[in-house]
Amino acid sequence: MKLKLHVWRQKNAASAGRMVRYEAEADEHMSFLEMLDVLNESLITKGEDPVAFDHDCREGICGACGFMINGVAHGPMPGTTVCQLHMRHFKDGDELYLEPWRAAAFPVIKDLIVDRGAFDRIIAAGGYVSASTGSAQDANAILVPKKDADRAMDSAQCIGCGACVAACPNASAALFLSAKVSHLGLLPQGQPERNERAIKMVAAANHELFGGCTNIGECEAVCPKNIRLEFIARRNWDFLKASCTFREEKAAAGAG
Amino acid sequence: MKLDSRIPSGPIEQKWDNCKFEMKLVNPANKRKFTVIVVGTGLAGGSAAATMGELGYNVKCFCFQDSPRRAHSIAAQGGINAAKNYQNDGDSIYRLFYDTVKGGDFRAREANVYRLAQISVNIIDQCVAQGVPFAREYGGLLANRSFGGAQVSRTFYARGQTGQQLLLGCYQALERQVNAGRVTMFPRHEMLELIVIDGKARGIVTRNLVTGGIATHLADAVVLATGGYGNVFYLSTNAKGSNATALWRAYRKGALMANPCFTQIHPTCIPVSGDYQSKLTLMSESLRNDGRIWVPKKGRDSRPPGQISEDERDYYLERRYPSFGNLVPRDVASRAAKAVCDEGRGVGKTGLGVYLDFGDAVRRLGRKVVEERYGNLFEMYERITGDDPYSVPMRIFPAIHYTMGGLWVDYRLMSTIPGLFVLGEANFSDHGANRLGASALMQGLADGYFIIPYTIGDYLATAKLDRIDSNHQEVRRAENAVGEQIKRLLSIKGKRTVDSFHRELGRLLWEDCGMARNAKGLRHAMGKIAELQQEYWRDVNVVGDGAELNQSLEKAGRVADFLELAQLMCLDAFERNESCGGHFREEYQTPEGEALRNDDEYCYAAAWEYTGPGQAPALHKEPLSFEHVHLAQRSYK
Ligand SMILES: Cc1cc2nc3c(=O)[nH]c(=O)nc-3n(C[C@H](O)[C@H](O)[C@H](O)COP(=O)(O)OP(=O)(O)OC[C@H]3O[C@@H](n4cnc5c(N)ncnc54)[C@H](O)[C@@H]3O)c2cc1C
Ligand code: FES
């Protein structure tokens, strides 16, 4: 099949970008990224700069890939990252517009690549259980009801790709953040730090210029891992509870 | 050079304890005065960096992805082994040790493997404490499953995303240390050179992949946890960015490379569909628990699988290996698939495929149970192939998956360059000539959480390191070498793309140094690869410039190293005149077609030393002795 592509080309963070038109050829068994590989090989052969895009695992799990295809994050197939999107879902003559994630907190680095470092900083602010190596008890001493473990896993599946932010009219990171708050908050191991975690992570997200959540639901619609909106409700609950019961921490350990 | 593996004294059960006791400690207040570089944020590097941060060292950690959470470990599916014996099915530390040594076809160091089995139980405890959502039974206890090469259920898992969940646990621990100021993270940085001063590893040279800036980083010790080199074959199950550059540059600085020809071919991957294919997708080995592998009994049978009746099917693994059946180790399963395809009984358009059938499982367990166990894998299969595995058997074929070879390390995970430690898939230590399923995650975390934090302390406490600064001539020389290579690659402006060379290299290796090898083929490959390498430096076309984000340039440096590594792999395979594990030399097989080891002559780890550009590398041998698991022909019949 033949496709008309309009691709966002931007040399670096400092320069202006623009859409550039390319003709591409594809086979129905190719993945979307393989279609771009073929385009890039032809550009290089002509001595032109290939289209830069992030990718690594190409199995839908590392979260590296992602851009907008005709205004939809990761393209038209629900629950699918762009590396797992196959060309059989497109047809000859399709015209496709490829653009990077657009959000103040995700500045463009080059072409379709953006800087998602803000996500790491949100996790660093509190997205963990403080359990230093060596301090653990026997694994089976902590019982976790299967249904809680399953729900924790449902939210822990987030791959941190940023599609939720890109799809949200407010560029909110609520779904990303709530996936981590819920994963840890649903497990007994996450209870001691549950309140602080919600407060610290929300504060970090605000600091990074992500917008607020107004329950629009675009994030859930594009999430390649089907992370549910209900986790945002859980996060709101944890945040509210934490805000009402907040106490300054005492200094660690006693004197003497 | 004499290889000293520094295996501690005493009975095997006490070696690690003895070693820990003998090692010097660094006073807690002094730890922050030591800087440790960790390259890699997969399970091995991430866990090492987090734990050394917790201990108080000043850690600088590097990865080439945009976030440490995306290291290739994230893609591991099936699970992680541990000798917990929670299922009361006769497992023990000794049995895990035994299975791993035997599975590795007697080419691993016993003492290392025993320690790995011992530590396995602590890993699960640690991961659960971090909140890793492992699968649970209804009563809230941890669930297990069995995996290839084992007859007990000792594999812990989180759906089909075990690597993801383990890595996120480790990444979160790492970010906690970033927040605490003990770890400085450098994402989108690629290590391109090792700095060696007075014979000791003292730093690295990196390229910032966004700006192209070259920088030097100095330290008291360097830890490489940069993963495996399976991508030397171009098509593999590894992530696209996985590469051998860090290993190779360390090798060129004097670290020995051990058993490079020991590569693992995974039996259950989705077959190739066309020339544009960019990578191969693994279907977790756990599928072999319930799926049955078969091909038609008669050759070139093009009927759809549903029309081939039971008695016209050959369940060849169940037939040849009645006691392990579909759960034989990977090397055995892969070769058996190759054999039936070579006979013309392969399925699918290319004839390079076998069926993995869940028909019986769905009838026996019901669709719901099958869905719960394998749902996400089935979805992935359907997304890629367009076929629904609940109704049509999957088609699978072997693919390059893992590399047992890697930099040589002693018992303390230190390479032949003092102060250079190597962890995870990047080292050669624990899996011999074949790795058992669910053991790589275990090894990565054992190395990072529980071994390096101790052994590095002893090194730092005893090494007597001089102060160095960035004007030292070795530092300048290393930095210049990196700049020179980049300039050279960019100036060739030839006609062929980097990928076209990489694909050609991959094809050569797959043909002659893949599932089956022989002296003639290996000689052929060595000649061809040397020619390809010359052509590369004459005719590669790397567009753009060095002072910007340039993905062609990133690939170009990696492929330059793969071309050299590939030659060493062929040489290693050529010199090893026996078959063992994943290394199958056609000249050496039993009458039934099984691998035939030669313990009298080849019971050693082959460690290769770089002797200069264009020079033949020197072979050093570390003899292996088997005092506990007695040398025997592996049998899975
Ligand atoms: C598809 C798949 C499924 C698997 N499933 C399982 C399983 O179920 N069970 C199991 O036990 N094993 C499994 N394995 C094997 C296992 O995942 C790997 O062996 C293991 O994760 C390797 O971990 P690592 O920490 O050594 O390296 P990796 O996770 O590969 O990490 C390498 C790190 O090094 C960095 N790096 C590399 N080079 C450089 C450089 N030059 N400069 C800077 N940074 C660099 C990378 O950025 C990355 O952070 C699987 C492997 C694959 C491919
Ligand atoms: S490349 Fe890893 S999720 Fe797409």
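Keep in mind it's a predicted model, so treat the numbers as computed, not measured.
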- [ ] Give a yes or no on whether B/K20 atom NZ has more than 12 heavy-atom contacts from other residues, nucleotides or ligands under 6.0 Å away.
- [x]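 Enclosed.
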TODO: Using a cut-off of 6.0 Å, state whether more than 12 heavy atoms not belonging to A/R228 lie near its atom CZ.
DONE: no
Any [X] side-chain heavy atom under 4.5 Å of [Y] side chain:
| X | Y | answer |
| --- | --- | --- |
| A/P145 | B/R136 | no |
| B/R176 | A/S132 | yes |
| B/L174 | A/Y128 | no |
| A/I44 | B/R496 | no |
| A/I159 | B/Q164 | yes |

- [ ] Show your reasoning for whether side-chain hydrogen bond (donor to acceptor under 3.5 Å, both in side chains) applies to B/Q161 and A/Q157.
- [x] CA-CA 8 Å; B/Q161 289 125 284; A/Q157 293 191 77; 2.6 Å; yes
Chain A heavy atoms under 4.5 Å from [X]: which part of the residue, side chain, backbone, both or neither?
| X | answer |
| --- | --- |
| B/K84 | side chain |
| B/E554 | neither |
| B/F156 | neither |
| B/S73 | neither |
| B/I270 | neither |
| B/N541 | both |
| B/Y449 | both |

Pick from [options]: which one has the most heavy-atom pairs with chain B under 4.5 Å?
| options | answer |
| --- | --- |
| A/D56, A/D115, A/L143 | A/D56 |
| A/T80, A/L187, A/L184 | A/T80 |
| A/G63, A/G134, A/G190, A/A152 | A/G63 |
| A/D37, A/D150, A/T45, A/L186 | A/D150 |
| A/A141, A/P188, A/S31, A/S130 | A/S130 |

So which heavy atom on [X] is nearest to which on [Y], and how close?
| X | Y | answer |
| --- | --- | --- |
| A/D49 | B/G544 | OD1-CA, 4.5 Å |
| A/A139 | B/I124 | CB-CG2, 3.8 Å |
| A/H29 | B/Y276 | CB-OH, 3.2 Å |
| B/D125 | A/A136 | O-CB, 3.4 Å |
| B/A75 | A/I61 | CA-CG2, 3.7 Å |
| B/L168 | A/C158 | CD1-O, 4.1 Å |

Hey, which of [options] has the most heavy atom pairs under 4.5 Å with chain A?
| options | value |
| --- | --- |
| B/T237, B/L142, B/V132, B/L55 | B/L142 |
| B/H72, B/M185, B/M380 | B/M380 |
| B/Q551, B/K279, B/R159 | B/R159 |
| B/K495, B/Q277, B/Q77, B/Q177 | B/Q277 |
| B/G386, B/C127, B/S500 | B/G386 |

Whether the side chain of [X] engages the backbone of [Y] through a donor-acceptor N/O pair (distance < 3.5 Å, no angle test) should be reported.
| X | Y | answer |
| --- | --- | --- |
| A/E59 | B/T281 | no |
| A/H183 | B/G131 | yes |
| A/K146 | B/E137 | no |
| A/D120 | B/S67 | no |
| B/Q172 | A/V129 | no |

Open item on the list: I'd like to know whether B/V543 forms a side chain to side chain contact (heavy atoms under 4.5 Å, CB included) with A/E48, so could you lay out the CA-CA distance, the side-chain angles of the two residues, the decisive distance to 0.1 Å, and finally the verdict.
Closed with: CA-CA 7 Å; B/V543 292; A/E48 289 176 37; over 6 Å; no
- [ ] Answer yes when A/R116 and B/D66 have at least one side-chain N-carboxylate O distance shorter than 4.0 Å, and no when they do not.
- [x] yes
Open item on the list: Check B/E175 with A/R121, please: is the shortest side-chain N to carboxylate O separation under 4.0 Å?
Closed with: no
TODO: To the nearest 0.5 Å, tell me how far B/L549 CG sits from A/K110 NZ.
DONE: 5.5 Å
Open item on the list: Looking only at the side chains, is there a donor atom on one of B/S278 and A/R58 sitting less than 3.5 Å from an acceptor on the other?
Closed with: yes
Task: Side-chain donor-acceptor contact under 3.5 Å, A/N12 with B/E548 - done: no
Chain B contact via [X] - which portion, at a heavy-atom distance below 4.5 Å:
| X | value |
| --- | --- |
| A/E34 | side chain |
| A/K180 | side chain |
| A/V144 | both |

Open item on the list: Here's a test for you: under salt bridge (Lys or Arg N to Asp or Glu O under 4.0 Å), which of B/K240, B/R188, B/R70 qualifies with A/D54?
Closed with: B/R188
